[in-house]
Amino acid sequence: MLTRKEGMDCKEFEKQIPAFIARKMDYPTLKSFHAHIEKCEDCKEELVIQFLATEGIQRLEDGSAFDLQSELDARLEETEHKIKFHSGFVYLGFAMEVIAVCMIFGVLIWILL
């Protein structure tokens, strides 16, 4: 499984494209990958080219019909949903930790009084 480096640059992004296409990217790398593609048109274009080439060749070999641009758009949308979903769990976990700490302090204060 691939892991991310802080602040993905274009070179690192291009190295990660095959992992994205193969859906073999861990969450932190996926998040960094998505953040980079949102701000870099050149890398987005490179992703489109590699996705169309990789998936197009596979589809031609399989003999199946395809609309690759729509599939890539759907994959990017799915990535965005995964990131939002995961972020929600992170915030929920943090909130539960705060509540647990408050309850522990409350019990300690109750016992000591």
Side-chain angles (χ1 to χ4, degrees):
M1 189 168 284
L2 301 171
T3 57
R4 96 176 147 97
K5 294 180 182 178
E6 291 297 324
M8 186 177 285
D9 61 11
C10 294
K11 187 175 181 178
E12 181 65 23
F13 180 89
E14 286 185 28
K15 288 180 186 176
Q16 299 293 347
I17 290 174
F20 176 78
I21 292 170
R23 297 178 187 228
K24 293 184 178 180
M25 196 177 280
D26 63 20
Y27 173 76
T29 306
L30 185 64
K31 186 174 180 182
S32 183
F33 186 90
H34 186 265
H36 184 84
I37 200 171
E38 289 293 309
K39 65 182 180 182
C40 184
E41 285 298 318
D42 290 338
C43 286
K44 189 171 189 174
E45 185 177 320
E46 182 63 28
L47 173 62
V48 169
I49 291 167
Q50 286 193 37
F51 184 82
L52 295 176
T54 302
E55 291 294 314
I57 290 170
Q58 181 64 42
R59 300 295 169 78
L60 287 172
E61 289 174 359
D62 295 344
S64 58
F66 50 89
D67 180 2
L68 295 176
Q69 186 61 51
S70 294
E71 287 184 32
L72 177 58
D73 292 342
R75 178 94 53 99
L76 291 171
E77 188 174 317
E78 175 186 319
T79 298
E80 192 171 327
H81 287 299
K82 282 182 182 179
I83 291 168
K84 287 179 182 178
F85 186 74
H86 186 272
S87 295
F89 271 109
V90 169
Y91 292 128
L92 178 63
F94 178 73
M96 291 177 74
E97 288 178 13
V98 169
I99 291 169
V101 168
C102 290
M103 290 178 68
I104 290 170
F105 280 127
V107 169
L108 286 175
I109 290 172
W110 180 70
I111 291 173
L112 295 174
L113 294 178

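Numbering of residues begins at 1 and proceeds along the displayed sequence. Small disclaimer: the values here were computed from a predicted structure and weren't measured.
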Can you list everything that forms a side-chain contact (heavy atoms from CB on, under 4.5 Å) with Cys10? Sequence neighbours excluded, please. His36, Cys40, Cys43
Partners of Glu14 by side-chain hydrogen bond (donor to acceptor under 3.5 Å, both in side chains), sequence neighbours excluded? none
Could you measure the distance from the CZ atom of Phe33 to the CD1 atom of Ile83? Nearest 0.5 Å is fine. 10.5 Å
Residues in salt bridge (Lys or Arg N to Asp or Glu O under 4.0 Å) contact with Glu55, at least two apart in sequence or another chain: Arg59
Side chain of Ser32, backbone of Pro28: donor and acceptor closer than 3.5 Å? no
Salt bridge (Lys or Arg N to Asp or Glu O under 4.0 Å) contacts in which one or both residues fall within residues 82-105, not counting sequence neighbours: Glu78-Lys82, Glu80-Lys84
Set out, in order, the CA-CA distance, both residues' side-chain angles and the distance that settles side-chain contact (heavy atoms from CB on, under 4.5 Å) for Leu52 and Leu72, then state yes or no. CA-CA 8 Å; Leu52 295 176; Leu72 177 58; 5.9 Å; no
With rounding to the nearest 0.5 Å, note down the distance linking CE in Met8 to OG1 in Thr29. 6.0 Å
Spacing of CD1 belonging to Ile17 relative to CE belonging to Met25, to within rounding of 0.5 Å: 8.5 Å
Supply the members, apart from Ile111, of the Ile/Leu/Val/Met/Phe/Trp/Tyr cluster built from side-chain contacts under 4.5 Å; use none for a lone residue. Val107, Trp110
Applied to residues 100-113, the salt bridge (Lys or Arg N to Asp or Glu O under 4.0 Å) test, sequence neighbours excluded, yields none
Gln16 side chain reached by Leu30 side chain, heavy atoms, under 4.5 Å: no
What ring pair (Phe, Tyr, Trp, His ring centres under 6.0 Å) pairs are there with at least one residue in residues 84-103, not counting sequence neighbours? Tyr27-His86, Phe85-Phe89
The salt bridge (Lys or Arg N to Asp or Glu O under 4.0 Å) partners of Lys11 (sequence neighbours excluded) come to none
So the ring pair (Phe, Tyr, Trp, His ring centres under 6.0 Å) pairs with at least one residue in residues 38-63 (sequence neighbours excluded) are none
Inter-residue atom distance Ile37.CD1 - Thr79.OG1, 0.5 Å rounding: 8.5 Å
Would Ile49 end up clustered with Phe13 when hydrophobic side chains under 4.5 Å apart are linked, directly or stepwise? no
If we ignore hydrogens and angles and just use 3.5 Å, is the side chain of Arg75 paired with the main-chain N or O of Arg23 as donor and acceptor? no
